[in-house]
Amino acid sequence: MKEIILAGLPNCGKSTLFSLLTGIHAVTGNREGVTVTAKSGKMMMKNREKVLLTDLPGIRRIPPRAPDEQLSVARLHDRSYDLLLYVTDVGNLANGLELLRDLLHCPAATCQACMSCEVECQVLLVVNFCDDLIRMGPSSPAYGILPDGMEHTPEKLEKALHELCGIPVCCISGRTQTGIPQLRRVIEKMLENPEQKQTFRLCPEKYRTLSKRPKVSSAHPADRILLSPFWGSIILAMTLTMLFFLTFGPPTGCLTDFIERWTAKTLLPHCASLLYGSSLPVFFADLLCDGILPAVISVIAFLPRLGMLFLCLGILEESGYSARVAHLVHPMMYKIGLSGDAFIPLLLGCGCTVTGVLATRTFSDRTLRRRTLLFLPLISCSARIALYSLLADICMPAHPWIFCLVLYLLGFVLLCLFARICKALQKTKENKPAPLPVLRVPSPAVILSDLLDRLRHFLGRIGGIILLSGVLVWLLAHIGPDFRYLPNGGQNTLLERLGAWFVPFLKPLGLGNSAIAVSLLSGVLAKEAFVSTYAIVSGGIPIAQLLSPASAISLAVFYALYLPCTATVCALHSEKVRRGDVIFSCLLCLSVAWLSAFTAYRLFL
């Protein structure tokens, strides 16, 4: 099967083009580092022939320094593919052409003559975001290579770039899907003539004209405010406050309360009557009604809050604002021993820690990457939302979103503290954040697609874990030490004994209850499992009846900081983090969680 490679600078629309050509949904975002691993899909040609299309992570420089760059360059130098689709955006033509020259091993251009070299593989230059040509006008980087007075159109730019570089050029817009049919025709034509030789060249005079043109995003008027230390900080504080208000406040609280009431009063009784009225054995009916259904419903109840959080994160990312926050906080992050680029993994960690871990692949400095990975589990992920909401109703029922905001800030403050200690022990060079992407109004279709993809990934990841933990916990709650089945449970079960082993560890925190101890243990498998496990082992007793306000605060602090979930540990291992560092990170989280919860319990007792 023939293979096509998609390569280029970061954040130039490769993943969008991959989705349009293959029909496979790929995660996109208006920032660098969205694609950190190679992904492949099959593209259907006009003659019904299938071609393998591989999307590589973005490349910033040659030689590569970051792990994702090294993966892409190694694949490109393999030369086992049939066609290279090199994607660049119309706002960054100079850097895009310079990187293409380096990838093709062409010599640098001299002042006297055009640099040229014979290309070993077929290359098609794809210029994305060409719908911005008319909007940018004379500020467009393409203005320097188009003759004076010539209209700025994709067709004119294609001809000018072909004369400049000597290779086929296609101008498209992934957002509006303009030029995609033409691109397909050019791809088919090039694959039909694999022996055709190409010569890549760059005229120094034209290239210098391109180089003097600034990137589109750097000239955006709004950046003067968004990147201002004073106004930018105020806007960031307002943005984070609004994010937590929408996620944990009345907008989603009403819907969550409705789901909980409807499931408790209507769905569960109706399912119980159907199951016990059928010919199903009592053992399986008990398992479904008391084990699996409560576990699944407990997850469904907090989906509105989860969806709102993912929606807000998607808007911040797609608009380009999250990358601007990285530039805004860079001076402060550098003082504590991190980089402004670390803000992106921390922000993504609020959704899922595994995603934040993968986002660090774009770091070229190994010390900064290691430091970020060690303390990233201190940031609360979206899986904790369910318990945060329950505990907020106990501690601060009037303003639950403030309570949740404090818990998120607690993890961030501790991360900054430990990163500052590491910097004092080991100095690092300052690394500038990634270049700013274009500031644009997010597309509703892209935001909705991103939201559904995040929810689908979340439910797919936790579905099996919740089901397995629900069955396992219910079995332990109904089996005695002699392994006999106890229909009504009881005090002398395997689950009670398992919880009793950990109660002494939690008793100084005001959490001397075996149901909470077992739920915390299941949370190590997946943080979402705490609520579903408690729904099974508590016997229907609301958590508010077991905890005082001081105990609820202690549980919230401990739950926010204690051991990372199994998926996070596996992600750290897959990123080739040393085993000692992973163990250190887990022990650090556990010890800090216990000490912080103990302090909070004594303060509010």
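Computed from heavy atoms alone, side chains included, the values below leave out hydrogens, waters and symmetry copies. We number each residue from 1, following the sequence as shown.
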>> Check whether Tyr334 forms a cation-pi arrangement with Lys423 (NZ or CZ under 6.0 Å from the six-membered ring centre, at most 45° off the ring normal).
In response: yes
>> Checking the side chain of His162 only, and the main-chain atoms of Val169 only, is there a donor and an acceptor separated by less than 3.5 Å?
In response: no
>> Working to the nearest 0.5 angstrom, can you tell me the gap between Met45 CE and Lys50 NZ?
In response: 13.5 Å
> How many angstroms lie between atom CG of Leu100 and atom OH of Tyr86, to the nearest 0.5 angstrom?
Replying inline: 5.5 Å
> Would Asp55 and Ser15 satisfy side chain to side chain donor-acceptor pair (under 3.5 Å), going step by step from the backbone distance to the final call?
Replying inline: CA-CA 7 Å; Asp55 181 21; Ser15 296; 3.2 Å; yes
> So how far is it from Met333 CE to Leu368 CG, rounded to the nearest 0.5 Å?
Replying inline: 10.0 Å
> How long is the gap from NZ on Lys189 to CG on Leu124, to the nearest 0.5 Å?
Replying inline: 12.0 Å
> Yes or no on side chain to side chain contact (heavy atoms under 4.5 Å, CB included) for Thr54 and Leu6, after CA distance, side-chain angles and deciding distance?
Replying inline: CA-CA 6 Å; Thr54 302; Leu6 267 173; over 6 Å; no
>> Is any side-chain heavy atom of Tyr562 closer than 4.5 Å to one of Lys527?
In response: yes
> Can any side-chain N or O of Glu158 pair as donor or acceptor with the backbone N or O of Cys171 at less than 3.5 Å?
Replying inline: yes
>> Is there a side chain to side chain contact (heavy atoms under 4.5 Å, CB included) between Val127 and Leu161? Walk through the geometry before answering.
In response: CA-CA 10 Å; Val127 183; Leu161 282 175; 3.6 Å; yes
>> Does Leu125 form a side chain to side chain contact (heavy atoms under 4.5 Å, CB included) with Thr88? I'd like the steps, not just the answer.
In response: CA-CA 8 Å; Leu125 177 61; Thr88 184; 4.0 Å; yes
> Rounded to the nearest 0.5 Å, what separation is found between the CZ atom of Phe375 and the CZ atom of Phe412?
Replying inline: 13.5 Å
> Is there side-chain contact between Thr178 and Cys130, with heavy atoms separated by less than 4.5 Å?
Replying inline: no
> Hey, what do you get for OG1 (Thr568) to NE2 (His573), rounding to the nearest 0.5 Å?
Replying inline: 14.5 Å
>> When you measure from the side chain of Thr566 to the backbone of Val524, do you find a donor-acceptor pair of N or O atoms at a distance under 3.5 Å?
In response: yes
>> With heavy-atom distances below 4.5 Å as the criterion, would you say the side chains of Ile5 and Leu83 are in contact?
In response: no
>> To check you understand the geometry: which heavy-atom pair defines the closest contact between Phe310 and Ser382, and what is its length?
In response: CZ-OG, 3.8 Å
> Do you know the tightest heavy-atom contact between Leu376 and Thr353?
Replying inline: CD2-O, 4.0 Å
> If you take all heavy atoms of Ile187 and Met43, which pair is closest and at what distance?
Replying inline: CD1-CE, 4.1 Å
>> Tell me the closest heavy-atom pair linking Asp450 and Gly314, and the distance in Å.
In response: OD2-CA, 3.7 Å
>> Has Glu69 got a side-chain atom pairing as donor or acceptor with Ala66's backbone, closer than 3.5 angstrom?
In response: yes
>> For Pro57, is there any backbone N or O sitting under 3.5 Å from a side-chain donor or acceptor partner on Ser72?
In response: yes
> When you check the gap from the basic side-chain N to the acidic O, do Asp341 and Arg369 get nearer than 4.0 Å?
Replying inline: no
> Can you tell me if Asn128 uses its side chain to pair, donor with acceptor, with the backbone of Gly174 under 3.5 Å?
Replying inline: yes
> Can you name the closest pair of heavy atoms from Cys350 and Ile379 and give their distance?
Replying inline: SG-CG2, 4.0 Å
>> So Pro377 and Cys589, do their side chains get closer than 4.5 Å, heavy atoms only?
In response: yes
>> Could you walk me through whether Thr176 and Ser173 satisfy the side chain to side chain donor-acceptor pair (under 3.5 Å) test, starting with their C-alpha distance in whole Å, then the side-chain angles of each, then the deciding distance to 0.1 Å, before giving a yes or no?
In response: CA-CA 6 Å; Thr176 61; Ser173 174; 3.1 Å; yes
> Would a distance-only check, ignoring hydrogens and angles, find a side-chain to backbone donor-acceptor pair under 3.5 Å from Arg371 to Gly337?
Replying inline: yes
> Just by distance, with hydrogens left out, do Thr372 and Thr360 show a side-chain donor and acceptor under 3.5 Å apart?
Replying inline: no
>> Using only atom types and a distance under 3.5 Å, with no angle test, would you say the side chain of Lys335 pairs donor to acceptor with the backbone of Arg420?
In response: no
>> Tell me whether Ser19 contacts the main-chain N or O of Ile24 through its side chain, where contact means a donor paired with an acceptor under 3.5 Å.
In response: yes
>> Between Lys42 and Glu49, does any NZ, NE, NH1 or NH2 come within less than 4.0 Å of an OD or OE carboxylate oxygen?
In response: no
> Of the non-hydrogen atoms in Ala571 and Val354, which two are nearest, and what is the gap between them?
Replying inline: CB-CG1, 4.0 Å
> Would a 4.5 Å heavy-atom cut-off, applied to side chains only, mark Met1 and Val51 as touching?
Replying inline: no
> Could Lys2 and Tyr81 be counted as a cation-pi pair, given that NZ or CZ must be under 6.0 Å from the ring centre and within 45° of the axis?
Replying inline: no
>> Please determine whether side chain to side chain contact (heavy atoms under 4.5 Å, CB included) holds for the pair Asp82 and Gln122, giving the CA-CA distance in whole Å, both sets of side-chain angles, and the decisive distance to 0.1 Å.
In response: CA-CA 7 Å; Asp82 299 278; Gln122 293 210 86; over 6 Å; no
>> Just so I know, are the side chains of Ile62 and Val73 near enough to count as touching, which here means a heavy-atom distance under 4.5 Å?
In response: yes
> Under 3.5 Å, is there a donor-acceptor pair between the side chain of Gln182 and the main chain of Cys170?
Replying inline: no
> Heavy atoms, side chains only, cut-off 4.5 Å: are Ile4 and Leu84 in contact?
Replying inline: no
> Going by heavy atoms in the side chains, are Ile59 and Asp68 under 4.5 Å from each other?
Replying inline: no
